[in-house]
Every structure is written in C-alpha cells, then in structure tokens.
Amino acid sequence: MFFKLTGEQSLNQERYRAFAQKVVKPLGEMMDENEKMDEGLLVALKKEGFLGIPFAEKYGGVGGTYLDYCLAVEELSKCDGSTGVTISVHTSLCCSCIDSFGTEDQKEKFLRPLVNGTSYGCFGLTEPNAGSDAAGQQTEAVYDESTDEYVINGSKIFTTNAEFADYCVVFAMTNKELGTKGISAFIVDLHTNGVKISPNIRRMGIRAASNCEVFYENVRVPAANRLSDEGNGFKIAMKALDGGRIGIAAQAVGLAQGALDIALAYVKERKQFGRPIAAFQTTQFKLAQMQTEIDAARLLVYRAATSKDDGEVYGPQAAMAKLKASAVANDVAREAVQLMGGYGYCREYQGERFLRDAKITEIYEGTSEVMKMVISGAMKVK
Ligand code: CAA
C-alpha cells in the first residue's frame with residue numbers, strides 16, 4: 001500500500017502542529033502537576049475548531065476527514081497526552097455516536113453544539129464491574145409511559161471529560177433478560193437533576209484529563225434522547241469504540257514522537273566521556289529503532305483512519321493500530337527516559353511524563369488483550 005497525505009491534509013497537519021507547539025506545549029508540565037486541564041486551553045481548543053474536525057459543516061463541524069482528526073490528536077499528544085484524549089473522547093466516542101446513529105432532530109439539538117465549539121461531550125459505558133466485559137452493564141433505564149421519559153439509575157466510572165462536559169452518551173440496560181441486545185444508548189444532559197460527578201480520579205498518567213465516576217440517580221431523560229432503537233446500544237458502543245481506538249492509537253503515536261523528540265534534543269546537548277552522547281553509535285541505533293517503530297505504528301493509524309474515511313471495514317485495522325501504537329508508545333517512552341539517564345527520571349525534563357501517560361493507551365478504549373480478541377476474531381481463528 002502506498003500512502004501519502006494530501007496537500008490539504010499536510011496543511012491541516014501544519015496548522016495543528018503550530019497550535020500544539022505554541023499553545024499546548026508550554027502548559028503540559030503545569031497541567032500535569034495541577035492534575036487539571038487549563039481552562040484557557042479548553043476554550044482555545046473550542047475556538048480553533050478542534051471539537052468538530054470530522055463532522056459535516058451543515059451541523060457546524062469543520063467538514064474534515066477522520067484522518068485529519070487523527071493528525072490533530074497526534075500533534076496535540078506530542079505535547080500533552082491529556083489534551084489528546086480530551087479531544088479524542090469528545091470526537092470519536094461522544095460525537096460519532098450521535099453523528100452515526102442520531103436522528104436529524106438529535107443532530108440539530110446535540111451534535112451542533114458539540115461540534116461547533118459550544119460544548120464538550122463524554123461517553124458513559126464502563127462501570128465499576130463492567131470494563132472489558134462491556135456487556136455486563138448494571139445501569140438501568142426504565143421507560144415511564146406517563147411522561148415519555150426513561151429513568152436512569154446506576155454509575156459509570158472513568159468517564160473522560162465529565163467535569164466540564166455538557167452531554168454524555170450513556171449506555172444502560174432497558175431489558176436485562178436480553179444481554180447485549182438489552183442495552184440502549186441515551187444522550188444525557190449532565191446538568192439534569194440526579195447526575196452527580198465525583199472528583200477527578202487520581203491517576204498515574206494523563207493526570208490533567210478529567211476522569212470521574214458519574215452517578216445517575218433517578219435521572220429523567222426524554223425518550224426523544226434515545227439513540228436508535230431500544231436494544232441497539234451495545235452495537236452503537238462497539239462501533240464508536242472501533243473509531244475511538246484509531247484516535248487513541250493516534251494519541252499513542254503522538255506520545256511516542258513527543259518522548260523521542262525530547263530525548264533527541266537531550267542527547268545532542270548532554271556530554272559524557274568528552275563528547276555529546278549522540279555521537280555514540282549505541283545512541284544513534286537506539287534512536288533509529290525508536291523512529292522506525294513510530295513510523296510503522298503511524299502508518300497503521302493512517303491506514304485505519306483512511307479505511308474509515310473510505311467507508312471500508314476498519315474495526316480490525318483500528319485494533320491493530322491501537323495494539324501496535326500503544327506498545328510503541330510505552331517502549332519508546334521507556335527508552336527515551338533511559339537515554340536521558342537520571343535526568344529522564346526528573347519531572348523537570350518531562351520524559352517521565354510521557355512514560356506515565358503512555359501506559360493508559362494499552363488499557364483504555366479496550367485493553368491490548370481485547371484488541372487481540374478483535375483481531376483474531378476477524379481472522380476467524382476459531
Ligand atoms: N461493531 C458492530 N457490532 C459489533 C461489534 C462491532 N465492532 N463488535 C461486536 N458487535 C456485535 C456482535 O456482532 C454481536 O451481535 P449479534 O449478537 O447480533 O451477533 C454483539 O455485538 C455481541 O458481540 P460479542 O458476542 O462479540 O460481545 P462480547 O460481549 O463477547 O464482547 C468485546 C466483545 C470485544 C470483548 C467487547 O465487550 C469489548 O470491546 N470490550 C472492551 C470495552 C471497551 O473498549 N471499553 C472501553 C470503554 S471507554 C473508555 O475507555 C473510557 C474513556 O473515556 C476513554
């Protein structure tokens with residue numbers, strides 16, 4: 001397969017890179033220390049169109065491709081993984097569900113403010129006892145005929161963006177007897193009575209990202225907010241995750257490249273045994289290996305995104321991209337810290353932040369083990 005960005009995609013990539021280097025990079029260390037996204041940055045991302053890249057202009061989106069969106073996540077993540085996942089969850093998990101499965105009315109009411117830069121969105125699938133086994137949902141939505149509403153009770157954990165999002169696509173059981181076919185999806189306004197959001201869960205990496213438990217206690221949601229038919233929720237979640245995994249793979253590529261860039265600058269400056277450590281062939285070979293692995297992962301990401309843009313099957317490609325890119329991010333970030341020695345271990349030099357941030361890419365939006373289930377399933381191994 002021959003692959004090259006179009007002229008327009010290259011220009012978009014330059015624009016995303018310029019924004020990330022100028023606006024995001026100076027904030028990364030401080031946001032990690034504060035365990036909080038910078039509020040000015042959240043506003044700037046809205047203003048610069050980062051919330052609506054792959055969505056149609058007729059709904060207020062930018063009208064770009066899924067690959068454009070991945071380029072943006074990669075450039076943001078090169079500077080800060082928390083910023084990358086903020087945009088990724090908003091775009092591929094929340095907005096894509098509404099874009100792909102919403103009615104015209106739902107798109108006007110919810111997709112428009114989400115993609116035109118008014119509101120952030122999030123995605124409520126994972127529960128304290130339902131992670132990889134996404135079908136093991138306990139949250140329930142009971143239809144109340146008298147008001148034409150659903151009443152939602154339950155809780156969702158690890159909800160990215162929860163602290164500042166306005167809307168969440170929430171998955172809940174409407175018929176417990178039916179297993180995966182008993183799950184439905186709802187667009188929930190997070191300002192509704194009965195929604196409670198926990199403080200940010202303290203984590204090893206992507207510490208600035210908002211990640212909370214969200215409790216739903218008798219939350220009344222109009223039936224008009226249900227996405228697609230009752231019982232289609234599991235498929236909606238799986239479809240969203242197929243796309244989301246490409247975004248997380250792009251985040252992983254960005255983190256890997258960001259870590260390598262820091263190490264590269266360091267080895268040119270750092271002198272030991274009378275010369276820059278970049279002059280040693282062991283250093284050069286290590287860097288060559290790291291860049292080669294990153295480029296291989298990047299091509300898998302671009303392939304998956306292009307397959308999605310072209311309307312082809314992309315689930316297994318997305319899983320391969322995420323499996324490879326997340327492993328590369330961890331390997332490269334660890335090697336970057338090693339190249340920087342004791343300074344790599346110091347917060348001030350920032351290599352360690354990329355190592356901490358990389359780990360989650362092997363876990364969220366489907367662990368590496370789940371990626372192997374998806375890939376081997378598509379290979380029809382059994
Ligand atoms: N697209 C469409 N339909 C799909 C699908 C897909 N990608 N994957 C499965 N389905 C359908 C199947 O065809 C099947 O339908 P039928 O019954 O009609 O045949 C149905 O869904 C059930 O499929 P499975 O039997 O394969 O389901 P399973 O219970 O065995 O689960 C799994 C499979 C791959 C392990 C799935 O549960 C999974 O992906 N788990 C990981 C969940 C995950 O990624 N969670 C992350 C949450 S978001 C997050 O990380 C937080 C954040 O904010 C970043």
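Remember, it's 1-based here, ligands and their atoms both numbered in the order they're listed.
Summarising the geometry of D331 relative to R334, their closest heavy-atom pair is OD1-NH2, 3.1 Å, with the distance given to 0.1 Å.
Within the 4.0 Å cut-off (strictly below), a protein heavy atom is located near atom 50 (O) of ligand 1. Closer than 4.0 Å to atom 17 (O) of ligand 1 lies at least one heavy atom of the protein. Remark: atom 35 (C) of ligand 1 lies closer than 4.0 Å to at least one protein heavy atom. Atom 26 (O) of ligand 1 lies below 4.0 Å from none of the non-hydrogen atoms of the protein.
Considering backbone and side-chain N/O of T159, none are found under 3.5 Å from N/O of ligand 1. By the 3.5 Å distance cut-off applied to N or O atoms, V370 is not counted among the residues near ligand 1. Taking any N or O of D133, backbone or side chain, none lies under 3.5 Å from an N or O belonging to ligand 1. Considering backbone and side-chain N/O of T180, none are found under 3.5 Å from N/O of ligand 1.
Here the side chains of E335 and Q289 are not in contact, with every heavy-atom distance at 4.5 Å or above. Two residues are said to be in side-chain contact when any heavy atoms from C-beta on lie closer than 4.5 Å; L67 and L5 meet this criterion.
Each of the following atoms of ligand 1 lies closer than 4.0 Å to a heavy atom of F158: 51 (C), 52 (C), 53 (O). The contact set between ligand 1 and G366, taken as ligand atoms under 4.0 Å from a residue heavy atom, comprises 43 (C), 44 (O), 46 (C). Ligand-side atoms of ligand 1 in range of V89: 53 (O), 54 (C), range being under 4.0 angstrom from any heavy atom. Each of the atoms 35 (C) of ligand 1 lies under 4.0 Å from some heavy atom of M373.
Considering each of E127, K322, K156, R245, the one bringing a non-hydrogen atom nearest atom 39 (O) of ligand 1 is R245. Scanning A135, S132, G136 for the heavy atom closest to atom 37 (O) of ligand 1 points to S132. Nearest-heavy-atom check against atom 42 (C) of ligand 1 across S92, G131, G247 picks out G131.
Residue contacts with ligand 1, taken as heavy atom pairs separated by less than 4.0 Å, involve Y364 via backbone and side-chain atoms alike. The proximity of L241 to ligand 1, defined as any non-hydrogen pair under 4.0 Å, is limited to the side chain.
When the options F123, F186, F234 are evaluated for a ring-ring contact (aromatic ring centres under 6.0 Å, His included) with F171, the one that passes is F123.
In this structure, atom 31 (O) of ligand 1 lies nearest to the protein heavy atom F234 CZ, 3.9 Å. Of all protein heavy atoms, the one lying nearest to atom 19 (O) of ligand 1 is K181 NZ, 4.5 Å. For atom 47 (C) of ligand 1, the closest non-hydrogen atom of the protein is T126 OG1, 3.2 Å. Among all protein heavy atoms, the one lying closest to atom 11 (C) of ligand 1 is K235 CE, 4.0 Å. Given atom 7 (N) of ligand 1, the protein heavy atom at minimum distance is D242 OD2, 2.8 Å. In terms of protein heavy-atom proximity, atom 46 (C) of ligand 1 is nearest to E365 CA, 3.6 Å. Nearest protein neighbour of atom 5 (C) of ligand 1, counting heavy atoms only, is M238 CB, 3.4 Å. Closest to atom 53 (O) of ligand 1, if we only count protein heavy atoms, is T160 OG1, 2.9 Å.
A salt bridge does not link R203 with E35: none of the charged nitrogens is closer than 4.0 Å to a carboxylate oxygen. Salt bridge annotation for D32-R347: absent, with no cationic side-chain nitrogen under 4.0 angstrom from a carboxylate oxygen.
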Inset, instruction - Carefully, step by step, assess R17 and K78 under the rule side-chain contact (heavy atoms from CB on, under 4.5 Å). - result: CA-CA 9 Å; R17 185 171 297 160; K78 251 191 222 174; 3.6 Å; yes
Inset, instruction - Verify salt bridge (charged side-chain N to carboxylate O under 4.0 Å, His left out) between E29 and R353, making sure each step is shown before the conclusion. - result: CA-CA 8 Å; E29 185 185 1; R353 172 160 64 91; over 6 Å; no
Inset, instruction - Check step by step if salt bridge (charged side-chain N to carboxylate O under 4.0 Å, His left out) holds for E75 and R15. - result: CA-CA 10 Å; E75 291 304 326; R15 199 165 54 75; over 6 Å; no
Legend entry - ring pair (Phe, Tyr, Trp, His ring centres under 6.0 Å) evaluation trace for Y69 with Y66: CA-CA 5 Å; Y69 149 69; Y66 210 74; 4.9 Å; yes
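Scored by the ring-ring contact (aromatic ring centres under 6.0 Å, His included) test, Y167 finds F110 as partners (sequence neighbours excluded).
Using bins of under 30°, 30° to 60° and over 60° for the plane-to-plane angle, the ring pair Y343/Y349 lands in the tilted bin. Between Y143 and Y150, the ring planes are tilted. Angles from 30° to 60° get that label.
T65 and D68 share a donor-acceptor pair across their side chains, judged by distance under 3.5 Å alone.
Cluster annotation: M204 is not connected to I360 through the hydrophobic network of ILVMFWY side chains, with a link wherever side-chain heavy atoms come within less than 4.5 Å.
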